[in-house]
Amino acid sequence: NFRRFKDSILAWLRLTDLPVVKVYPGYGDQDEILVYGHVLSFGPTPRKKYTDTLLINMFSFLRLFMVRPKAHALVRLEWNGEVHETHTAEDGFFKFEWKPVNPVTAGWGYVRVSYIADDSSNSVVAYAEGSIFIPHTSRYSFISDIDDTFLISHSSNLRKRLFILFTKNPQSRKPFEDVVKHYQLLAKAGVTHDLPNPFFYVSSSEWNLFEYIREFCRKNELPQGVFLLSQMKQLKDFLKTRHGKHAEKYVRITRILKAFPHHTYVLFGDDSQQDPKIYASLVRDFPGKIFAVYLRHIHQKNESTTRGFIEQIEASGVHCSYFIHTSEAIAHSQKIGLIV
């Protein structure tokens with residue numbers, strides 16, 4: 001029958017028209033916890049095999065934007081003996097933000113989020129499990145951009161960016177040399193307990209790319225962390241400009257700084273877009289909270305402007321490294337005592 005035929009075609013394309021709940025790693029402490037996610041009525045199924053076949057990689061990437069959000073869906077969160085409910089926005093996005101009633105324990109904990117039927121049955125239509133990170137008392141927290149900071153992406157060149165997105169996959173993409181070594185050293189810097197220092201990955205990339213980026217990080221053994229990305233897009237909007245997302249990036253980082261006011265932060269970015277301007281603003285607006293800023297130099301045209309922002313950063317007494325090779329950044333981290 002038609003349904004069976006449709007299901008077989010969708011399965012072959014690795015798409016589903018069954019409701020799906022996506023839960024992204026949350027974070028918080030005894031004062032406040034935040035968990036984000038989406039409910040979709042149509043979307044891609046997880047990729048299980050990775051090949052270097054051009055057409056497969058291209059379609060697998062485009063599939064990530066073949067989504068249909070579920071607006072106004074009732075979602076229920078269960079964690080640590082607590083239950084909370086909210087509704088999704090027009091784009092299927094949901095956010096839980098609450099002060100925990102029960103004591104929290106440092107480390108990674110698990111949360112369950114269910115999409116509840118909007119009828120009298122109150123039944124679970126779909127659910128997913130996610131994680132919540134409660135940082136240990138730590139001197140440093142690290143906030144890193146993704147594209148062209150640790151993942152080679154060519155963000156400033158649309159043609160090159162699309163070429164690498166369409167021809168590569170999360171397991172064949174490459175990080176910059178020594179960047180994994182640097183981040184792993186920082187994750188363990190000054191740690192006297194079993195938990196590493198917190199890492200937050202903040203990017204203008206869309207939530208569509210969450211699994212893609214997480215698989216890249218897993219494959220390359222980057223420190224486990226919390227991701228804060230941009231609004232999910234549908235395929236018809238994929239090539240539309242990213243202008244305006246950089247202001248949102250500033251807001252996302254300020255949420256982290258306010259969530260953990262007792263931490264000192266180290267920021268990582270690059271000069272391909274707006275990171276130098278955003279980071280200079282954060283140094284100005286949160287005096288004493290930023291210990292160091294690292295900016296990868298990959299875009300020659302932006303060097304003069306970037307050095308202007310670096311002067312502002314250093315004038316505030318914040319350490320700054322503007323580097324081409326990660327080995328320079330590692331040497332700088334050793335010099336200022338971040339790593340030994």
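A salt bridge links Glu85 with Arg76: at least one charged nitrogen is closer than 4.0 Å to a carboxylate oxygen. Of the charged side-chain nitrogens involved, at least one lies within less than 4.0 Å of a carboxylate oxygen, so that Lys249 and Asp145 count as a salt-bridged pair.
At a cut-off of 3.5 Å, with distance as the only test, a side-chain donor of Thr326 or Arg296 sits close to an acceptor on the other residue. One side chain, Arg252 or Ser230, offers a donor N or O that lies under 3.5 Å from an acceptor on the other. If you check the side chains of Arg173 and Tyr212, you find a donor sitting under 3.5 Å from an acceptor. A donor and an acceptor atom, one from each side chain of His84 and Glu82, are located under 3.5 Å apart. Side-chain polar atoms of His72 and Glu90 form a donor-acceptor pair below 3.5 angstrom. A donor and an acceptor atom, one from each side chain of Asn302 and Ser272, are nowhere located under 3.5 Å apart. Tyr24 and His38 are linked by a side-chain donor-acceptor pair at a separation below 3.5 angstrom, with hydrogens and angles left out of the test. Side-chain atoms of Thr167 and Asn57 form no donor-acceptor pair, as typed in the model, at a separation below 3.5 Å. A donor atom on one side chain and an acceptor atom on the other are found under 3.5 Å apart for Ser153 and Asp147.
In summary, the aromatic rings of Phe309 and Tyr279 are positioned with their centroids too far apart to meet the 6.0 Å limit. Checked against the 6.0 Å centroid criterion, the rings of Phe200 and Tyr27 qualify as a close aromatic pair. Under the 6.0 Å cut-off for aromatic ring centres, Phe323 and His297 do not qualify, their centroids lying 6.0 Å or more apart. The six-membered or imidazole ring of Tyr36 lies near that of Phe93, with a centre-to-centre distance under 6.0 Å. Between Phe96 and Phe94, the distance from one ring center to the other falls under 6.0 angstrom.
Atom NE2 of His87 has more than 12 heavy atoms from other residues, nucleotides or ligands within 6.0 Å. Enclosure of atom NZ in Lys49 is not indicated, since only 12 or fewer non-hydrogen atoms of other residues, nucleotides or ligands lie within 6.0 angstrom. Annotation: Asp194, atom CG; neighbour count of heavy atoms from other residues, nucleotides and ligands within 6.0 Å does not exceed 12. Crowding of Gln30 atom CD: a count of heavy atoms from other residues, nucleotides or ligands under 6.0 Å exceeding 12. Within 6.0 Å of atom CZ in Arg3, more than 12 heavy atoms from other residues, nucleotides or ligands are found, so the atom counts as buried in its surroundings. Within a 6.0 Å radius of NZ in Lys277, no more than 12 heavy atoms belonging to other residues, nucleotides or ligands are found.
By the 6.0 Å and 45° rule, Arg112 stacks over the aromatic ring of Tyr127. Cation-pi geometry between Arg214 and Phe227 is not met: the NZ or CZ atom fails to fall both under 6.0 Å from the ring centre and inside 45° of the normal.
A donor-acceptor pair under 3.5 Å links the side-chain atoms of Arg63 to the main chain of Arg14, judged by distance alone. Panel note: side chain Asp148, backbone His154; a donor-acceptor pair is recorded below 3.5 Å.
Ile213 and Ile146 get closest at one heavy-atom pair: CG2-CD1, 3.8 Å. Nearest heavy-atom pair, Thr149 versus Val179, reported as atom, atom and distance to 0.1 Å: O-CG2, 4.2 Å. Val124 and Ser114 get closest at one heavy-atom pair: CG1-CB, 3.9 Å. Of all heavy-atom pairs spanning Ala280 and Ile313, the tightest one is CA-CG1, 3.8 Å. Of all non-hydrogen atoms in Ile33 and Pro100, the two that sit nearest each other are CD1-CG, 4.0 Å. For the pair Ala73 and Val39, the tightest heavy-atom approach, listed with the atom from each and the gap, is CB-CG1, 4.4 Å.
Using bins of under 30°, 30° to 60° and over 60° for the plane-to-plane angle, the ring pair Tyr294/His332 lands in the perpendicular bin. Ring geometry for Tyr201 versus Tyr183: interplanar angle under 30°, hence parallel rather than tilted (30 to 60°).
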Going through the distances and angles, do Glu206 and Gln231 end up as a side-chain hydrogen bond (donor to acceptor under 3.5 Å, both in side chains)?
CA-CA 5 Å; Glu206 300 81 3; Gln231 185 175 24; over 6 Å; no
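With His182 as the partner, the ring pair (Phe, Tyr, Trp, His ring centres under 6.0 Å) test is satisfied by one option alone out of Phe150, Phe176, Phe268: Phe268.
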